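Presented below is the structure to which this report refers.
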Amino acid sequence: MTVRTRFAPSPTGLLHIGGARTALFSWLHARHHGGEFVLRIEDTDRERSTAESVAVILEGMAWLGLEYDEGPIFQTQRFDRYHEVLSQLLSEGKAYRCYCSKERLTVLRAEQMARGDKPRYDGHCRHVRRPPSATTPSVIRFLNPNEGTVVVPDLVRGAVEFRNDELDDLVLARTDGTPTYNLTVVVDDLDMAITHVIRGDDHLNNTPRQINIFQALGSAPPSYAHVPMIMGSDGQRLSKRHGAVSVLQYRQEGYLPEALLNYLVRLGWSHGDQEVFSLDEMVDFFDVRDVNRAASTFDPDKLQWLNHQYIKNVDPAHIARHLSWQMGRLNIDPAAGAALIEVVMVQRERSKTLREMAQNSVFFYEDFDDYDAAAAKKHLKPGIIGPLTRIREDLQAVSQWAASSIHEVIVDNAEAGGLKLGQLAQPLRVAVCGRAASPPIDTTLELLGRERALARIDRAIEYLRHQKSHP
RNA sequence: GUCCCCAUCGUCUAGCCGGCCUAGGACACCGCCCUUUCAAGGCGGCAACACGGGUUCGAAUCCCGUUGGGGACGCCA
C-alpha cells in the first residue's frame with residue numbers, strides 16, 4: 001500500500017512554526033517511503049475561515065518547498081459527501097438527532113464541573129429518535145459506544161488507551177447542517193486513502209472518537225503519530241493566538257527556507273549528533289518513530305546559527321538570489337553596484353541573516369547620507385586628512401583595481417606615514433562605508449569600484465576640512 | 001475539576017532493549033588565541049539525569065508514587 005500522508009490546516013490564521021513542522025514531518029514521512037503527500041484545507045468553519053489565510057498557507061508551503069502531490073483540497077467542496085455519510089450513520093442508528101438547547105448544555109456542563117466531573121454530553125436525546133423538526137433546531141450526534149476501551153496505536157507514543165465512558169456523543173453536524181471537524185477528518189482520511197496521520201498531540205484526545213467513527217463506518221483507521229507541541233520561550237504552547245508568527249515572517253527577516261526546515265526537523269527529532277541536514281539527508285534519515293515525546297521550546301538563537309551556517313556554506317549564487325529579494329525590499333537596485341554574488345562572498349561570514357547582509361551592503365550600491373556618529377568621531381579626525389589625501393592619490397594611480405594591489409597601497413601608505421595598519425584602514429573604511437565595520441577594506445574598495453571609492457574619500461576629506469574650520 | 005501526554009545542561013538533544021556515562025554533541029554564555037574593523041575560525045570553561053521509593057551485583061536507562069509542565073474536555077480545528 002502506498003504511504004499517503006496529509007497536512008490539514010484550517011485557514012483561520014497564519015502558517016506558523018508548529019504547523020510548518022507538522023507539515024515537514026508529514027512530507028518527510030511520505031518522501032521517505034516513496035509515498036504521496038496531500039494538502040487539505042479544513043475550512044468547514046465558515047465563520048473563521050478566510051481566503052487570506054488560505055493564500056498565506058499556500059505561499060508558506062511554497063516558500064518552504066513542501067510540495068504536495070495532491071491538493072489543495074477544500075472540505076467545503078465535499079459537503080455532498082459528508083451529508084451522504086451523515087445520512088448513512090443516521091439510518092444505521094449510529095448517529096442521532098439531538099434537540100437539546102445550548103442553554104441546557106451550558107447548564108449541564110456547569111453542573112458537571114461543579115461536581116468535579118469531566119463535562120460531557122449526557123446522551124439526553126439518544127433514544128428520542130425524532131425526525132428533524134421545522135421548529136426545533138437539531139444537531140446530529142455520533143452514538144459513541146459507552147463501554148469498553150479504545151486503543152490508539154501511536155507511532156511516537158505507543159498504545160494509548162481511553163475508556164469509552166470518558167467519551168461523549170460528539171456533534172457531527174451543526175444546527176445549520178454543516179459537518180464538523182471530527183466527521184470530516186474521518187471521511188477525508190478514508191476517501192483520500194491516508195495511511196499515516198501525523199499531527200500535533202493536541203489532537204490525541206480526539207483520536208479515540210475518530211477511531212470509533214471509523215469503526216462505525218466499517219473501516220480501519222490509519223496509523224497515527226502525534227508529535228509534541230512547540231512551546232514559546234515562556235513555556236506556553238505556540239499557537240495562533242500566542243506568540244506564533246507566520247513562517248513568511250522568517251522570509252522577511254532574512255532566513256533561508258532550508259535553514260528553517262533544518263531547524264524544525266531538529267525540534268523533536270535527531271539523528272545522533274548531526275545538526276546540519278540537507279533535504280536529501282532528512283528524507284533518508286527521518287523516521288516518525290524517532291520523534292521525541294516531550295514538547296520542545298523554540299530557540300531563535302539556534303535558528304539564527306543554522307541560518308548562518310547555510311549562508312556561509314551554500315552555493316553563493318543561490319544566496320545571491322535570496323539577497324536580491326532582500327535588496328528589493330530595501331529599494332536597492334542590484335545593478336547599481338557590485339555583482340550580488342561578489343557581495344555574498346565577502347559578506348556571508350558576517351551575516352547571520354540575509355536581511356542583515358542586505359542592510360550591511362547598501363553602501364555598495366548607494367551613497368550614504370551621514371557617517372555613523374560614533375565611527376566618525378573615533379576615526380575621522382583632522383589629523384587623518386594628510387594620509388587620506390596621499391592614499392587617495394596612490395589609489396587613483398594604482399594600475400590594477402584589485403584587492404591585492406589595493407592592499408599593497410594601504411600597507412605602503414601606512415608604513416610611509418608611520419601609522420599602524422588599523423590607524424589608516426579604519427578612517428578609510430569610515431570614509432568609504434560610512435561606518436566602522438565592513439568586509440576587509442581592500443576587497444571592499446575593489447567591489448566599490450575606483451570611481452566610487454575615490455569620490456567617497458574626497459567627500460571625507462571635504463568633511464574633515466569642514467570639521468576643522470567649523471569645530 | 002476529569003481524562004490524556006510528558007520530564008537529561010538556560011535551550012535543542014545523544015543515551016534509553018540496565019554496566020562502554022566521573023552523562024556526549026550543538027546553540028547561547030564566559031575566557032584566551034588570531035586579527036586592518038565587524039565577523040569567521042581555533043582552543044578552553046560554565047552547565048543537566050525533577051524528587052521519593054522499589055527491582056537488580058549494578059539504573060539517566062525498568063516499575064510505582066509525588067511534584068512539575070503541557071494538552072483535551074466546543075454546534076473550533
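Convention: sequence-line order gives letters A, B, ...; per-chain numbering from 1. Owing to the predicted nature of the structure, the values given are computational and were not obtained by experimental measurement.
- B:rA14 is unpaired under the Watson-Crick or G-U wobble criterion, no partner having all donor-acceptor distances under 3.5 Å.
- The CZ atom of A:R46 sits 24 Å away from the P atom of B:rG74 (whole-angstrom rounding).
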| task | For side chain to side chain donor-acceptor pair (under 3.5 Å), just list the numbers for A:R97 and A:S138, CA-CA rounded to whole Å, side-chain angles, deciding distance to a tenth of an Å, and then say yes or no. | result | CA-CA 6 Å; A:R97 287 200 174 273; A:S138 64; 3.0 Å; yes
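- Rounded to the nearest 0.5 angstrom, A:I57 CD1 and A:L15 CG are separated by 6.5 Å.
- Comparing B:rC75, B:rA40, B:rC27 against the side chain of A:K302 picks out B:rC27 as the nearest.
- At the heavy-atom level, A:E275 lies under 4.0 Å from base atoms of the strands shown.
- Residue-to-nucleotide proximity on RNA chain B shows that, of A:L267 and A:H407, the 5′-proximal contact is made by A:L267.
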Extract from the structure each pairing of a protein N or O with an N or O of nucleotides 66-71 of chain B at less than 3.5 Å, listing the distance.
unit_1	atom_1	unit_2	atom_2	d
B:rG70	OP1	A:Q236	NE2	2.4
B:rG71	O3'	A:R237	NH1	3.4
B:rG71	N2	A:N205	OD1	3.4
B:rG71	N2	A:N205	ND2	3.3

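- Look at B:rG1: its Watson-Crick or wobble partner, with both distances under 3.5 angstrom, is B:rC73.
- Remark: P of B:rC5 and NE2 of A:H226 are 12 Å apart, rounded to the nearest angstrom.
- In this structure, A:S405 contributes its side chain and A:A402 its backbone to a donor-acceptor pair below 3.5 Å.
- Listed by chain and number, the residues in a salt bridge (Lys or Arg N to Asp or Glu O under 4.0 Å) with A:R78 are A:D188, A:D191 (sequence neighbours excluded).
- Distances from the side chain of A:R141 to the nucleotides B:rC75, B:rC4, B:rA39 place B:rC75 closest.
- Among the nucleotides B:rA72, B:rA28, B:rC12, the one closest to any side-chain atom of A:R266 is B:rC12.
- Interface remark: the A:R120 side chain does not form any donor-acceptor pair with the B:rU2 base, using a distance-only criterion of under 3.5 Å.
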I'd like a table of atom pairs between the protein and nucleotides 14-21 of chain B - only N or O on both sides, under 3.5 Å - with the distance next to each one.
unit_1	atom_1	unit_2	atom_2	d
B:rA14	OP1	A:S270	OG	2.9

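- Nucleotide B:rG65 forms a Watson-Crick or G-U wobble pair with B:rC51, both donor-acceptor distances falling under 3.5 Å.
- Of all nucleotides listed (B:rC38, B:rU37, B:rG1), B:rC38 comes nearest to the side chain of A:R350.
- The side chain of A:D442 has B:rU36 as its nearest neighbour among B:rC75, B:rC6, B:rU36.
- Along RNA chain B, the nucleotide closest to A:L421 and the one closest to A:D117 are compared, and the more 5′ of them pairs with A:D117.
- Distance from the side chain of A:D299 is smallest for B:rU11 among the nucleotides B:rU11, B:rC75, B:rA77.
- Of the listed residues (A:H322, A:K352, A:Q326, A:Q347), just one forms a side-chain contact (heavy atoms from CB on, under 4.5 Å) with A:M357, and that residue is A:Q347.
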